[in-house]
There are 2 protein chains.
Amino acid sequence: MNSAPDQPALSMLIRKLESAATLSDAERQAVWRLPTRIHTLDARKNIVSEGDQPTHCCLILDGWACRYVMLREGKRQILSFHIPGDIPDLQSLHIPTIDHSLATLTKVVVAIIPHESLRELTARHPGLAAAFWRDTLLDAAVLREWLISTGQRLAFEHVAHLFCELYLRLRSVGLAEDHRCPMPITQTDIADALGLTPVHINRVLQEMRGRTLITLQGRMLVIKAWDELLRISEFDPTYLQLERRPDDPTPTTRARWNGQLRHQRPVGLR
Amino acid sequence: MNSAPDQPALSMLIRKLESAATLSDAERQAVWRLPTRIHTLDARKNIVSEGDQPTHCCLILDGWACRYVMLREGKRQILSFHIPGDIPDLQSLHIPTIDHSLATLTKVVVAIIPHESLRELTARHPGLAAAFWRDTLLDAAVLREWLISTGQRLAFEHVAHLFCELYLRLRSVGLAEDHRCPMPITQTDIADALGLTPVHINRVLQEMRGRTLITLQGRMLVIKAWDELLRISEFDPTYLQLERRPDDPTPTTRARWNGQLRHQRPVGLR
DNA sequence: CGCGGAATTGAAGGGCTTCAATGGTGGTGG
DNA sequence: CCACCACCATTGAAGCCCTTCAATTCCGCG
């Protein structure tokens with residue numbers, strides 16, 4: 001682990017914050033003055049552990065990380081995957097004791113920012129506070145979609161949904177294109193994220209390959225049938241709040257059924 | 001549906017915000033000046049629908065609500081339950097298009113607050129912005145715990161965990177005591193929240209009654225074996241960030257296994 | 001008192017798990 | 001540069017948790 005001052009970290013942060021709001025010059029410069037330290041971490045090391053009371057947040061500059069908890073009998077639930085541009089522990093700014101662990105999946109480069117500085121920054125600049133707040137809200141939106149998948153989708157649909165999400169998130173930070181993206185995680189990681197077993201994930205991937213939906217080898221995912229994958233997983237990108245591109249799925253045709261299809265009414269609906 | 005000016009609504013809001021932070025007099029008075037309108041809604045009506053772009057937030061004053069989405073074939077996933085004191089659509093303040101519906105489960109009384117007023121309030125008072133932000137972070141913490149349950153726990157454990165959570169949340173706003181609380185939802189609602197079928201929920205409840213863990217009748221839950229329910233569900237209240245009481249489970253004895261129990265290391269751990 | 005939603009029960013089946021073993025592969029060191 | 005060795009991926013068989021389908025009973029409410 002080394003540490004040094006840095007600027008690219010802050011330009012990545014500013015790009016992130018400006019993805020939704022437009023920052024004033026004063027705000028941008030205030031971010032620019034944030035003190036950061038760069039750290040490089042090996043793969044599969046905890047960044048923050050459950051029960052910790054962090055004094056810093058970390059901005060991922062390179063590599064993948066994940067939130068997770070361990071349960072009895074060694075069961076692990078991965079709660080989220082994090083890629084460059086993410087601030088996975090931003091919440092620790094307002095919730096002192098962290099209720100899950102944060103760990104690297106690959107070798108990771110992070111920028112460390114003191115809570116103190118972020119508190120001062122957001123207190124002085126409401127626009128920045130809103131931008132950071134929004135970032136944690138998007139994080140929750142992804143979490144909701146994971147709950148939907150885990151609760152309602154079959155393993156095949158769930159894996160498809162995860163791949164769609166990760167591809168779009170990676171593309172939005174310039175790390176994917178042409179339906180190809182890095183996928184530097186194991187089948188066991190995917191299993192623990194989806195609440196399934198590695199054995200079953202393996203069988204699902206076999207079938208995806210067999211149906212020529214994807215290829216996945218050498219830590220690289222290629223989606224060969226994007227539209228099909230979207231359809232199978234009922235993927236609607238609205239929750240990611242990304243700018244749309246020509247070949248993207250149209251948020252207006254959200255593949256969810258808003259009709260009354262159960263024998264009991266589906267909670268209200270008008 | 002009726003509507004009228006109100007003050008009890010704001011006192012409930014202030015109590016909520018002060019549960020963590022301490023507000024200054026100026027902040028408290030600023031909240032006090034928020035314009036609110038009171039509405040009464042029938043049971044099982046949508047408050048906000050997926051795709052809407054709300055211009056107001058709603059503070060629940062009485063009754064229960066839930067977030068949910070509909071999937072193909074009439075499948076429904078409930079994403080959260082909401083009780084008095086909650087602001088289930090606070091996120092709409094910074095995420096324009098809502099990606100799920102919000103509906104009443106019982107007859108509900110809400111206070112409606114314009115986004116405009118909340119934006120002005122949080123822009124002027126960073127402490128209040130932080131308090132509202134924190135509220136959405138706690139919401140996400142509950143969501144994470146639901147994902148853990150759905151991904152890793154058996155139906156029996158999952159139901160137990162839900163009951164523990166709801167009891168503590170209700171008690172924290174004065175709506176429960178002595179291990180008894182209202183539970184005005186159907187077994188189908190529980191099933192859709194847990195990603196299970198009503199039939200199976202019914203069987204789980206049968207067994208819970210048979211083992212004298214709970215009684216559940218007339219929309220009232222009585223937990224007859226609190227400690228046992230905590231143990232079974234590996235319930236750790238840390239994520240709720242509530243003040244502790246004498247008979248509460250101790251956050252320090254979090255029942256999660258932080259040892260290395262898998263044949264592959266559980267992501268890091270130093 | 002009768003209606004409709006909710007709860008309950010039984011039987012059969014399916015998606016996924018568990019257990020156990022084998023095959024593959026990338027990274028490291030000699 | 002190649003060989004070794006964890007770790008990861010893959011495969012098969014048996015079993016279980018939960019689902020599906022279909023009645024039937026219970027219960028709150030007008």
Side-chain angles (χ1 to χ4, degrees), chain A residues 42-44 71 73-77 105-107 149-160 182-210 214-221 260-268, chain B residues 42-44 71 73-77 105-107 149-160 182-210 214-221 260-268:
Chain A
D42 285 340
R44 304 196 175 261
L71 299 174
E73 288 159 46
K75 284 158 66 159
R76 177 180 67 157
Q77 176 69 43
L105 288 166
T106 66
K107 185 175 176 181
S149 285
T150 306
Q152 303 296 337
R153 297 196 236 263
L154 298 175
F156 194 90
E157 302 163 356
H158 196 169
V159 172
M183 191 62 56
I185 56 179
T186 67
Q187 294 182 9
T188 299
D189 293 330
I190 296 175
D192 288 348
L194 273 46
L196 299 166
T197 58
V199 171
H200 197 60
I201 292 297
N202 185 277
R203 287 175 178 137
V204 166
L205 292 177
Q206 299 295 331
E207 190 183 344
M208 283 192 160
R209 286 189 267 245
I214 62 157
T215 65
L216 177 57
Q217 49 186 318
R219 319 275 93 156
M220 178 67 70
L221 170 70
Q260 304 197 188
L261 298 170
R262 282 182 163 246
H263 53 288
Q264 63 274 65
R265 12 161 208 37
V267 164
Chain B
D42 285 340
R44 303 196 176 262
L71 299 173
E73 291 162 41
K75 284 158 65 162
R76 177 181 67 157
Q77 176 69 43
L105 288 166
T106 66
K107 184 175 176 181
S149 284
T150 306
Q152 303 297 337
R153 297 197 236 263
L154 297 175
F156 195 90
E157 302 162 356
H158 196 169
V159 172
M183 191 61 57
I185 57 179
T186 66
Q187 294 182 8
T188 299
D189 292 331
I190 297 175
D192 288 348
L194 274 45
L196 299 165
T197 58
V199 171
H200 197 60
I201 293 298
N202 185 276
R203 288 175 178 138
V204 167
L205 292 177
Q206 299 294 333
E207 191 184 342
M208 283 192 161
R209 287 189 266 244
I214 62 159
T215 65
L216 177 57
Q217 49 187 320
R219 319 275 93 156
M220 179 66 71
L221 170 70
Q260 304 197 187
L261 299 170
R262 283 183 163 246
H263 53 286
Q264 63 274 66
R265 22 166 197 30
V267 163

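Letters A, B, ... mirror the listed sequences (proteins, then strands); counts begin at 1.
Annotation: the span from B:Leu71 atom CG to A:Arg153 atom CZ amounts to 5.5 Å, rounded to 0.5 Å. To the nearest 0.5 angstrom, B:Leu194 atom CG is 11.5 Å from B:Glu157 atom CD. Note that CG of A:Leu216 and CG of A:Leu221 are 5.5 Å apart. Values are rounded to the nearest 0.5 Å. Here A:Thr186 contributes atom OG1 and A:Leu105 contributes atom CG; the two are 8.0 Å apart, rounded to the nearest 0.5 Å. Between atom CD1 of residue A:Ile201 and atom CZ of residue A:Phe156 there is a gap of 11.5 Å, rounded to the nearest 0.5 Å.
Note: CD1 (B:Ile185) to C1' (C:dA6) measures 13 Å, nearest angstrom. Protein atom CE of A:Met208 is 15 Å distant from nucleotide atom P of D:dA9, rounded to whole Å. Distance B:Gln217 CD to C:dA6 P: 18 Å, rounded to the nearest Å. The distance between atom CD of A:Glu207 and atom P of D:dT10, rounded to the nearest whole Å, is 14 Å. At whole-Å resolution of the value, CG in B:Leu216 and P in D:dC27 are 13 Å apart. Whole-Å rounding puts the B:Arg44 CZ to C:dG4 P distance at 18 Å. Rounded to a whole Å, the CD1 atom of B:Ile190 is 8 Å from the P atom of C:dA7. Taking atom CG on B:Leu205 and atom C1' on D:dC26, their separation rounds to 16 Å, with Å as the unit.
Proximity of A:Arg209 to the phosphate of D:dT10: a side-chain N or O atom is located under 4.0 Å from OP1 or OP2. Residue A:Arg219 has a polar side-chain atom (N or O) positioned under 4.0 Å from OP1 or OP2 of D:dA9. Residue A:Asn202 places no side-chain N or O under 4.0 Å from the OP1 or OP2 atom of D:dA9.
Judged purely by atom type and a 3.5 angstrom limit, A:Gln152 uses its side chain to pair as donor or acceptor with the backbone of B:Arg76.
A salt bridge does not link A:Lys107 with A:Asp42: every distance from a Lys NZ or Arg NE/NH1/NH2 to an Asp or Glu carboxylate oxygen is 4.0 Å or more.
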Contacts under 3.5 Å, N or O only, protein and nucleotides 15-22 of chain C:
unit_1	atom_1	unit_2	atom_2	d
C:dC16	OP1	A:Ala155	N	2.9
C:dC16	OP2	A:His200	NE2	3.1
C:dC16	O5'	A:His200	NE2	3.3
C:dT17	OP1	A:Thr197	N	3.1
C:dT17	OP2	A:Thr197	N	3.1
C:dT17	OP2	A:Thr197	OG1	2.6

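Paired with A:Gln187 under the rule side-chain hydrogen bond (donor to acceptor under 3.5 Å, both in side chains), one option of A:Asn202, A:Asp192, A:Thr197 passes, and it is A:Asn202. Under the side-chain contact (heavy atoms from CB on, under 4.5 Å) test applied with A:Val159, the options A:Met208, A:Glu207, A:His200 reduce to a single match, A:Met208.
Relative to the axis of its first five pairs, the axis of the last five pairs of the helix from C:dC1-D:dG30 to C:dG30-D:dC1 sits at 50°, rounded to 10 degrees.
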